[in-house]
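In the text below, chain A, chain B and the rest are named by the order of the sequence lines, each starting its count at 1. All values derive from a computational prediction rather than experimental measurement.
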Amino acid sequence: MPELPEVETTVRALKPKIEKSLIKTFELRNKNLRWPVSSNLAKILISKRVTSLSRRAKYLIVNLDSEYLLIHLGMSGSLRYLSNNISPQKHDHWDLCFENGMLLRYTDPRRFGSIHYTKDFKNHFLIKSLGPEPLSDAFDENYLYKISRGREVPIKTLIMNSRIVVGIGNIYACEALFDSSIKPTKKAKRITKNDSKALVAAIKKVLEKAIKAGGTTLRDYLNPDNSPGYFKVELQVYGRGKEDCLKCGRILKEIRMNNRSTVFCPNCQR
DNA sequence: CTTACCGCCTGTCGGC
DNA sequence: TGCCGACAGGCGGTAA
């Protein structure tokens, strides 16, 4: 399950491999991803050069000299940089093949991921409404405090809203709220300035920690070179419902919010 | 405008 | 042992 740290790790790993590479072909085996993959893509991409690779939210941005590919890994997607003599498997939906005999292979069993081509990624429908990056200076305690005023939704729902701040999935929302001692169900409009300060700091902390750990949030994620990351991030609450709180020892509670599993400590988080 | 809910998918897991 | 339903959940679209 690629969260922002996995996407960031993927970008860092692929950057030196594919930047400056010349595209030879794009081979599409299954166009039925989250959004149907454009059938024009193969034609468009022939002989284009990758000028840079970056990330916006959980999208990988492949810059082709002012044209762009937007790639999302969805729930189960991954990218690997491989030699072109390795046969694709069942869930390998497309290959971006380079002149040097290597390729970028997209694998995604659940097909929640996507790939789009655009000349103007900033105004692309998937990008234009996104809020600030959580690790940027724009995402600070004042921003979160102000934008949470008057909001009836739970604070957990708010920080998972990509119009408010991008890249915070269910796992890191639970972890950051635990770290900042805020109950997930607390109404956004009720968070204090101190809450906002603690939560922003916690979000940056857990994301940065996971990136430093090599982006390995969950069991089956592999980096583009097939390495499993350096070590797993120890999750404090996610997936630990009914287990002991690592701060106070009491029993962690698991509830559902917006149909998502939500774990917190009723004692530590208020 | 905000909020709540739907649907897309398949591998994994627990229960019988 | 094998079947089957529940679950996992990012996120845009839609309706209220």
Asker: When you measure from every atom of DNA chain B, which of residues 251-261 of chain A have a heavy atom less than 4.0 Å away?
Answerer: none
Asker: Hey, are the side chains of A/Q269 and A/F178 touching, using non-hydrogen atoms and a 4.5 Å cut-off?
Answerer: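 Side-chain contact under 4.5 Å: yes.
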Asker: Do A/K128 and A/K122 make a side-chain contact, defined as non-hydrogen atoms from C-beta onward lying under 4.5 Å apart?
Answerer: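 Contact flag for A/K128/A/K122 side chains = no.
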Asker: Honestly, is A/K253 close enough over A/F264, meaning NZ or CZ under 6.0 Å from the six-membered ring centre and within 45° of the axis?
Answerer: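 No.
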Asker: Enter the distance from A/L4:CG to A/L135:CG here, rounded to the nearest 0.5 Å.
Answerer: 6.5 Å
Asker: For a 4.5 angstrom cut-off between non-hydrogen side-chain atoms, does A/K247 reach A/Q236?
Answerer: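 A side-chain contact is absent here, since even the closest heavy-atom pair is not under 4.5 Å.
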Asker: If an axis is fit to five pairs at each end of the helix from B/dT2-C/dA16 to B/dC16-C/dG2, what is the angle between the two, to the nearest 10°?
Answerer: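 For the helix from B/dT2-C/dA16 to B/dC16-C/dG2, the axes at either end differ by 50°.
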Asker: I need the CD-P distance between A/Q89 and B/dT10, as an integer number of Å.
Answerer: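 So the two atoms are 17 Å apart, to the nearest Å.
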Asker: Can you pull out every side-chain hydrogen bond (donor to acceptor under 3.5 Å, both in side chains) where at least one residue sits in residues 29-40 of chain A? Sequence neighbours excluded, please.
Answerer: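 Those involving residues 29-40 of chain A are A/R29-A/D95.
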Asker: Which residues satisfy the salt bridge (Lys or Arg N to Asp or Glu O under 4.0 Å) test with A/K204, sequence neighbours excluded?
Answerer: none
Asker: Checking side-chain polar atoms at under 3.5 Å, does A/Y172 have a donor or acceptor matched by the opposite partner on A/E3?
Answerer: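 Looking only at side-chain atoms, A/E3 and A/Y172 do not form any donor-acceptor pair under 3.5 Å.
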Asker: Can you name the side-chain contact (heavy atoms from CB on, under 4.5 Å) partners of A/S76, sequence neighbours left out?
Answerer: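 So A/S76 forms a side-chain contact (heavy atoms from CB on, under 4.5 Å) with A/D108, A/P109, A/R110.
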Asker: Not counting sequence neighbours, which residues clear side-chain contact (heavy atoms from CB on, under 4.5 Å) with A/A202? List them please.
Answerer: A/A176, A/D179, A/S180
Asker: When you check the side-chain N and O atoms of A/N194 and A/T192, is any donor under 3.5 Å from an acceptor?
Answerer: no
Asker: Considering residues at least two apart in sequence or located in another chain, which fulfil the side-chain contact (heavy atoms from CB on, under 4.5 Å) criterion with A/N100?
Answerer: A/Y81, A/F98, A/M102
Asker: Does anything in residues 148-158 of chain A come within less than 4.0 Å of DNA chain B? Heavy atoms only, and list the residues if so.
Answerer: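 Within residues 148-158 of chain A, the residues near DNA chain B are A/R151, A/E152, A/V153.
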Asker: Separation of A/M75 atom CE from B/dC8 atom C1', in whole Å?
Answerer: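 To the nearest whole Å, that distance equals 12 Å.
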Asker: Taking atom C1' of C/dG12 as reference, at what distance in whole Å does atom NZ of A/K128 sit?
Answerer: 12 Å
Asker: Base, sugar-phosphate, or nothing: which does A/R111 touch, judged by heavy atoms less than 4.0 Å apart?
Answerer: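 Since only primed, P, OP1 and OP2 atoms lie under 4.0 Å of A/R111, the category is sugar-phosphate.
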Asker: Using the salt bridge (Lys or Arg N to Asp or Glu O under 4.0 Å) criterion, which residues pair with A/R49? Sequence neighbours excluded.
Answerer: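 By the salt bridge (Lys or Arg N to Asp or Glu O under 4.0 Å) rule, A/R49 matches no residue at all.
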Asker: Please give, in whole Å, the distance from B/dC5 C1' to A/M160 CE?
Answerer: 14 Å
Asker: Could you state the atom-to-atom distance from CH2 of A/W35 to P of C/dG10 in whole Å?
Answerer: 16 Å
Asker: Mind calculating the distance between CZ (A/F112) and P (C/dG12) to the nearest angstrom?
Answerer: 13 Å
Asker: Report, one pair per line, the protein and nucleotides 14-16 of chain C atoms (nitrogen or oxygen only) whose separation is under 3.5 Å.
Answerer:
none

Asker: Going by atom types alone, do A/N267 and A/R250 pair a side-chain donor with an acceptor below 3.5 Å?
Answerer: yes
Asker: Between atom OH in A/Y172 and atom C1' in C/dG10, what is the gap in whole Å?
Answerer: 15 Å
Asker: Starting from P on C/dG10, measure out to NE2 on A/H72 and report it in whole angstrom.
Answerer: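 About 9 Å, once rounded to whole Å.
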Asker: For a 4.5 angstrom cut-off between non-hydrogen side-chain atoms, does A/H116 reach A/F125?
Answerer: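 When only atoms from C-beta onward are counted, A/F125 and A/H116 do touch, with a gap below 4.5 Å.
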Asker: Any N/O pairs under 3.5 Å between the protein and nucleotides 11-13 of chain B? List them or say none.
Answerer:
from, atom 1, to, atom 2, distance (Å)
B/dG11, OP1, A/H91, NE2, 2.7

Asker: Would you mind listing the cluster partners of A/M160? Hydrophobic ones only (ILVMFWY), side-chain contacts under 4.5 Å, chaining allowed.
Answerer: none
